[in-house]
Amino acid sequence: VQLVESGGGLVQAGGSLRLSCTAAGSGFGDYAIAWFRQAPGKERTAVSCINTNDGDTYYANSVKNRFIISSDNAKTTVYLQMNNLEPEDTAIYYCAADFPAYCGYYSSEYEPRSWDYWGQGTQVTVSS
């Protein structure tokens, strides 16, 4: 599985961005795709996840009601719509894939080392 992210950029606080994660290779629908982010000097943490088989989702508390994850299986692409952005959302955003198609309910289930496939990352910067 090869993953390519796009859509990052610079935005003012309160603005919106949409990130895309396009997957190449077989098996879309058999794995979960998650978005992680990593700010300078901080650990990489999961932001959201979608089960590409049944559409089940997970959101970190910090982004609930602001971010929306979705999947277009025909395009093998997962989107992360980010609304009402805050300076604290500034980070490099990575998408990751893992078999099987399952999104955990708790943040403790998103250990980055357990995700097998990663994109190169895209920078999101939110100015105040």
J.: Do the side chain of E5 and the main chain of C21 share a donor and acceptor less than 3.5 angstrom apart?
T.: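 Judged by distance alone, no pair lies under 3.5 Å.
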J.: Main chain of G8, side chain of T122: is a donor-acceptor contact present, judged purely on distance under 3.5 Å?
T.: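 Here the side-chain-to-backbone pair exists.
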J.: Parallel, tilted or perpendicular: which one describes the rings of W115 and Y110, with boundaries at 30° and 60°?
T.: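 Plane angle under 30°, so parallel.
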J.: Applying the side chain to side chain donor-acceptor pair (under 3.5 Å) test to D54, which of N51, T52, T57 qualifies?
T.: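 Going through N51, T52, T57 one by one, the side chain to side chain donor-acceptor pair (under 3.5 Å) with D54 is satisfied by N51 alone.
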J.: For V126, is there any backbone N or O sitting under 3.5 Å from a side-chain donor or acceptor partner on T90?
T.: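 Flag set: sc T90 to bb V126 pair under 3.5 Å.
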J.: What's the spacing between R66 CZ and E86 CD if we round to 0.5 Å?
T.: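 One finds 4.0 Å between CZ of R66 and CD of E86.
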J.: Closer than 3.5 angstrom, by distance alone: can the side chain of S62 be matched with the main-chain N or O of A60 as a donor-acceptor pair?
T.: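 No: the side chain of S62 does not pair with the backbone of A60.
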J.: Do the numbers put R44 on top of the ring of F36, so that NZ or CZ is under 6.0 Å from the six-membered ring centre and no more than 45° off the axis?
T.: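 Not flagged: R44 not positioned over aromatic ring of F36.
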J.: Can you hop from L3 to W118 via hydrophobic side chains spaced under 4.5 Å?
T.: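 Different clusters: L3 never reaches W118 through Ile, Leu, Val, Met, Phe, Trp or Tyr contacts under 4.5 Å.
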J.: Please step through ring pair (Phe, Tyr, Trp, His ring centres under 6.0 Å) for the pair Y31 and F28, ending with a clear verdict.
T.: CA-CA 6 Å; Y31 49 80; F28 197 92; 5.7 Å; yes
J.: Could you walk me through whether N83 and F67 pass the side chain to side chain contact (heavy atoms under 4.5 Å, CB included) test, one step at a time?
T.: CA-CA 6 Å; N83 301 318; F67 291 10; 5.9 Å; no
J.: Using the rule given for side chain to side chain contact (heavy atoms under 4.5 Å, CB included), can you reason through I50 versus D56, listing the C-alpha separation, both sets of side-chain angles and the distance that settles it, and then say yes or no?
T.: CA-CA 6 Å; I50 189 164; D56 193 25; over 6 Å; no
J.: Looking at CE of M82 and CZ of R18, how far apart are the two atoms once the value is rounded to the nearest 0.5 Å?
T.: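 Spacing of CE (M82) from CZ (R18) equals 11.5 Å.
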